[in-house]
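Here is the structure we will look at.
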There are 2 protein chains.
Amino acid sequence: MTNTPTDVAPRWLDEEERRAWLGLMGVMRRLEHALDTQLRDEGLTHFEYGVMAALSESPQRELRMSALAAYAEGSLSRLSQVVARLERKGYAHRRPDPADGRYTLATLTDEGYEKIVSAAPGHVAEVRRLVFDPLTKAQVKQLSHIGRRILHAIDPDHSDGDRG
Amino acid sequence: MTNTPTDVAPRWLDEEERRAWLGLMGVMRRLEHALDTQLRDEGLTHFEYGVMAALSESPQRELRMSALAAYAEGSLSRLSQVVARLERKGYAHRRPDPADGRYTLATLTDEGYEKIVSAAPGHVAEVRRLVFDPLTKAQVKQLSHIGRRILHAIDPDHSDGDRG
DNA sequence: CCTCTTCACTTGAAGCTTGAAGTCATTGCG
DNA sequence: CGCAATGACTTCAAGCTTCAAGTGAAGAGG
């Protein structure tokens, strides 16, 4: 069925790799969508949830925008837009860092904290249902390793304590 | 059918699950971005590439829109917009199915075929570099299994060809 | 001081995606 | 045949993301 013709093929994907690739792509596309759908009732996107969750776990529920962008795996530009949205919703607040005016500190408001606390159980339950329940403990461990290796290939200096 | 938004706190994620989750999220966000970046030189998005690749491997390089949407893991609405874009670029063509006017057949033009053939080697090389080179053969196999299980949890009737 | 450069962040415009509503062909039923 | 129902796609308006350009704070050099 396959054997797509090309003139200058590097190493093509073999059957097993193809299966893995389809699986990975499917998960990437469908999981994100499923999580967004679950959070839709809460009026949050999955990315917004991630941002608020990161803030909620930080000291003073506060982080510099650049640090927050790294946690949330998004560009600074995207984060800026999203935090502006969260501010409009009353969930977050921004202020210049008193220690250095070039930095901006994003803070989770009390309302934002309540929001994330009430949304978290449902969200975690969905994550568990879709990702962890179907996997064995060994597979979860494998997934950690696999994820770390791919991330390292994408960005070698992504703060890793990588060991073999 | 609404998900219970709050209620009881379910089982939280343990350390290993947390690591796996961060890995998976990181891969989802960064890999898609990396692939889009690689294909940017070709003037294609990763999703467009997937659509064209699916067509190129089909008989007559032609598929019904709904079938194509399933292959590409996207909504029919999204696909419709994307194929319109590909049509504007001269890479694809649409026509009503002569056998039943409710269906639409999307076809890859010769120009589109040339495009995908010239873009494929670079793209596959990048996929290999980011995903398969860093993994052992055993991990690739694990990834197939893990992906299949998660996909099954997201959508139980998604063509289940599980053989081991 | 004043200006130049760097750095962290924000804004603007364009493009992509989404869910809802709309279109159009075929089928079912009287 | 007429007319509603179904199904497959398309379009629309709104929202989100992106890259590039812009803003403003801190420090360096004169």
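A, B, ... follow the sequence lines: proteins, then strands. Residue 1 opens every chain. Here the structure is a predicted model, which means the values were calculated and not measured.
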(Q) So if I take residues 32-42 of chain B and measure heavy-atom distances to DNA chain C, which residues fall below 4.0 Å? (A)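 Of all residues in residues 32-42 of chain B, none places a heavy atom under 4.0 Å from DNA chain C.
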**Q.** Sorted by number, the residues of residues 86-104 of chain B with heavy-atom contact under 4.0 Å to DNA chain C
**A.**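 Hits under 4.0 Å, by residue number: B:D100, B:G101, B:R102.
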Apply side-chain contact (heavy atoms from CB on, under 4.5 Å) to [X] and list each qualifying residue two or more places apart in sequence or on a separate chain.
{"X": "B:T136", "value": "A:R149, B:A138, B:Q139"}
{"X": "B:P98", "value": "B:R95, B:L105"}
{"X": "B:L31", "value": "A:W21, A:L24, A:M28, A:I154, B:V27, B:L35, B:L130, B:V131"}

Q) Between A:S75 and B:L105, which is nearer to the 5' end of DNA chain D once each is assigned its nearest nucleotide? A)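 The residue closer to the strand's 5' end, by nearest nucleotide, is B:L105.
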Q) Looking across every strand, which nucleic acid part, if any, lies under 4.0 Å from A:S80 by heavy atom: base, sugar-phosphate, or nothing? A)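 If one applies the 4.0 Å heavy-atom cut-off, A:S80 turns out to touch a base.
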Nearest-Å distance for atom pair [atom1]/[atom2], residues [X] and [N]:
{"X": "A:L79", "N": "D:dT17", "atom1": "CG", "atom2": "C1'", "value": "13 Å"}
{"X": "A:L76", "N": "D:dT23", "atom1": "CG", "atom2": "P", "value": "17 Å"}
{"X": "B:R78", "N": "D:dC9", "atom1": "CZ", "atom2": "C1'", "value": "17 Å"}

**Q.** Partners passing salt bridge (charged side-chain N to carboxylate O under 4.0 Å, His left out) against B:D36 (at least two apart in sequence or in another chain)
**A.**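 Residues passing salt bridge (charged side-chain N to carboxylate O under 4.0 Å, His left out) with B:D36: none at all.
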Q: Tell me, please, which residues at least two apart from B:K89 pass salt bridge (charged side-chain N to carboxylate O under 4.0 Å, His left out).
A: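 Testing B:K89 for salt bridge (charged side-chain N to carboxylate O under 4.0 Å, His left out), a comparison that skips the adjacent residues, returns B:E48.
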Q) Listed by chain and number, what are the side-chain hydrogen bond (donor to acceptor under 3.5 Å, both in side chains) partners of B:S58, not counting sequence neighbours? A)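 Counting only residues at least two positions away or on another chain, B:S58 forms no side-chain hydrogen bond (donor to acceptor under 3.5 Å, both in side chains).
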Q.
Can you list everything that forms a side-chain hydrogen bond (donor to acceptor under 3.5 Å, both in side chains) with A:E17? Sequence neighbours excluded, please.
A.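 Checked A:E17 against side-chain hydrogen bond (donor to acceptor under 3.5 Å, both in side chains); matches are B:R128.
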With a cut-off of 3.5 Å and sequence neighbours excluded, list every side-chain donor-acceptor pair involving residues 66-75 of chain B.
| from | atom 1 | to | atom 2 | distance (Å) |
| --- | --- | --- | --- | --- |
| B:E73 | OE1 | A:R30 | NE | 2.4 |
| B:E73 | OE1 | A:R30 | NH2 | 3.3 |
| B:S75 | OG | B:R78 | N | 3.0 |

Q.
Quick check: any donor-acceptor pair below 3.5 Å linking the side-chain of B:S77 to the base of D:dT10?
A.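 Flag unset: no donor-acceptor pair detected.
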(Q) Regarding D:dT18, can its base be found pairing with the side chain of A:Q81 as donor and acceptor, where the two atoms are less than 3.5 Å apart? (A)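 Flag set: donor-acceptor pair detected.
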(Q) Any side-chain to backbone donor/acceptor pair from A:S80 onto A:S77? Under 3.5 Å, distance only. (A)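 No; zero donor-acceptor contacts below 3.5 Å.
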Q. Can you list every ring pair (Phe, Tyr, Trp, His ring centres under 6.0 Å) pair that touches residues 121-140 of chain B, not counting sequence neighbours?
A.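 Every pair satisfying ring pair (Phe, Tyr, Trp, His ring centres under 6.0 Å) with a residue in residues 121-140 of chain B: B:H46-B:H123, B:Y49-B:H123.
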Q. Rounded to the nearest 0.5 Å, how far does CG of B:L44 lie from CG of B:L86?
A.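 Separation between the atoms: 7.5 Å.
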Q: Name the first nucleotide and the last nucleotide along DNA chain C (5' to 3') that come under 4.0 Å of a heavy atom in chain A.
A: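 Contact span on the strand: C:dA8 to C:dG19.
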